[in-house]
Amino acid sequence: MKSYFIKYFLIFWCLFFIQQKTVAQNIPVLTFGQFEKYLHPKSDTIYIINFWATWCKPCVEELPVFEKMHQEYLNKKVKVLLVSLDFKSQFEKKVVPFVKKNELKSTVILLDTQGDNQFIDKVNPQWQGTIPATAVIQSSSKTNLFFEQQFTYSDLEKIIKPLI
C-alpha cells in the first residue's frame, strides 16, 4: 500500500512540474483582430485587461497586483488578462522567460501589433498610448472603464467589488 502511495505521489509531482514548465509556453500571440473579442465580451464576467511590457518598470511592479486579483477572485466571474505589448521578435527571448520566471498564473497573451499603434484608439479613444494601462469591462453592467496608471490592489479592488 505504501509503495502505491509513493508511486502516485511521484507521478502527481512530475505532472505538476511538467505543467508548471509548459504554462509559459502556452502564451498565444494574437493579432488585434483576434484580441478584439476580449474588448466586447458577451457575458457577465468582469474582464480586467492590463496592457504591459517586460521593459516597462511600472508595469512589472504592478503585475503582482493583477496576480493577487486573479487568485482572490478565481471562483468569481472575474478574469484577468495580461496583454504584453512587447515586440513579437522578443517573444521567445523576453516574454516567455519573464512569464516563467515570475510564475504568472493569469492569462497572458502577446498582442502582435506589427508596429502599428492604430489599435490604441480601438481599445479606448482616450488612451494616449502609455503603459501600464488597464481596461475593466463587463458587458452586463455596460461597464467600460479605462485607466492609464499603475494600480495598487486596494485601488483596483474598489473598482471591481461593486461590479460583482
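Quick note: residue numbers are just sequence positions, from 1. Below, each value reflects all heavy atoms present in this structure, side chains not excepted, and no hydrogens, waters or symmetry copies.
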What distance separates [X] [atom1] from [Y] [atom2], expressed to the nearest 0.5 Å?
X      : Y      : atom1 : atom2 : value
Leu82  : Lys105 : CG    : NZ    : 12.5 Å
Gln149 : Thr134 : CD    : OG1   : 7.5 Å
Ile48  : Lys79  : CD1   : NZ    : 11.0 Å

Which atom pairs, donor and acceptor, lie under 3.5 Å between side-chain atoms of residues 157-164 and protein residues at least two apart or in another chain?
from, atom 1, to, atom 2, distance (Å)
Glu157, OE2, Tyr73, OH, 2.9
Glu157, OE2, Tyr153, OH, 3.3

- Item | Lys68: salt bridge (charged side-chain N to carboxylate O under 4.0 Å, His left out) partners, not counting sequence neighbours |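 Partners of Lys68 under the salt bridge (charged side-chain N to carboxylate O under 4.0 Å, His left out) test: none.
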- What pairs with Asp112 under salt bridge (charged side-chain N to carboxylate O under 4.0 Å, His left out), at least two apart in sequence or on another chain?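 Per chain and number, Asp112 pairs via salt bridge (charged side-chain N to carboxylate O under 4.0 Å, His left out) with Lys88.
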Can you pull out every disulfide bond (SG atoms under 2.5 Å apart) where at least one residue sits in [range]? Sequence neighbours excluded, please.
range            : result
residues 101-164 : none
residues 44-156  : Cys56-Cys59
residues 96-143  : none
residues 123-164 : none

Which heavy atom in [X] sits nearest to a heavy atom in [Y], and how many Å separate them?
X      : Y      : value
Asn124 : Gln126 : OD1-N, 2.8 Å
Phe147 : Val136 : CE1-CG2, 4.3 Å
Glu92  : Pro97  : O-CD, 3.2 Å
Ser106 : Glu67  : OG-OE2, 2.6 Å

- Query: Who are the side-chain contact (heavy atoms from CB on, under 4.5 Å) partners of Phe98, not counting sequence neighbours?
  - Reply: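 By the side-chain contact (heavy atoms from CB on, under 4.5 Å) rule, Phe98 matches Trp52, Thr54, Val60, Leu63, Asn102, Leu104.
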- Could you name each residue pair satisfying salt bridge (Lys or Arg N to Asp or Glu O under 4.0 Å) that touches residues 39-51, not counting sequence neighbours?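 Counting only pairs at least two positions apart or across chains, the salt bridge (Lys or Arg N to Asp or Glu O under 4.0 Å) contacts touching residues 39-51 are Asp44-Lys77.
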- Query: Applying salt bridge (Lys or Arg N to Asp or Glu O under 4.0 Å), which residue pairs with at least one partner in residues 127-145 are found, sequence neighbours left out?
  - Reply: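 Applying salt bridge (Lys or Arg N to Asp or Glu O under 4.0 Å) to every pair that reaches into residues 127-145, excluding sequence neighbours, yields nothing.
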- Task: Ignoring hydrogens and angles, tell me if any N or O in the side chain of Glu148 forms a donor-acceptor pair with the backbone of Gln128 under 3.5 Å.
- Result: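 Side chain of Glu148 to backbone of Gln128: a pair is present.
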- Message: Clusters formed by hydrophobic residues whose side-chain heavy atoms approach within less than 4.5 Å: which one holds Ile137, and what are its other members?
- Response: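 Members other than Ile137 - counting any ILVMFWY side chain reachable under 4.5 Å - are Leu30, Phe32, Phe35, Tyr38, Leu39, Tyr47, Ile49, Phe51, Trp55, Leu81, Val83, Leu85, Ile109, Leu111, Phe119, Ile120, Val123, Trp127, Ile131, Phe146.
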- Message: Would you say that Phe91 contacts Asp86 through its side chain, given a criterion of any heavy-atom pair below 4.5 Å between the two side chains?
- Response: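 No, side chains not in contact.
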- Does one hydrophobic cluster hold both Leu145 and Val65, with members joined at side-chain heavy-atom distances below 4.5 Å?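 Yes: a chain of side-chain contacts under 4.5 Å links Leu145 to Val65.
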- Task: Check side chain to side chain donor-acceptor pair (under 3.5 Å) between Ser139 and all other residues, then give those that pass, not counting sequence neighbours.
- Result: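 None.
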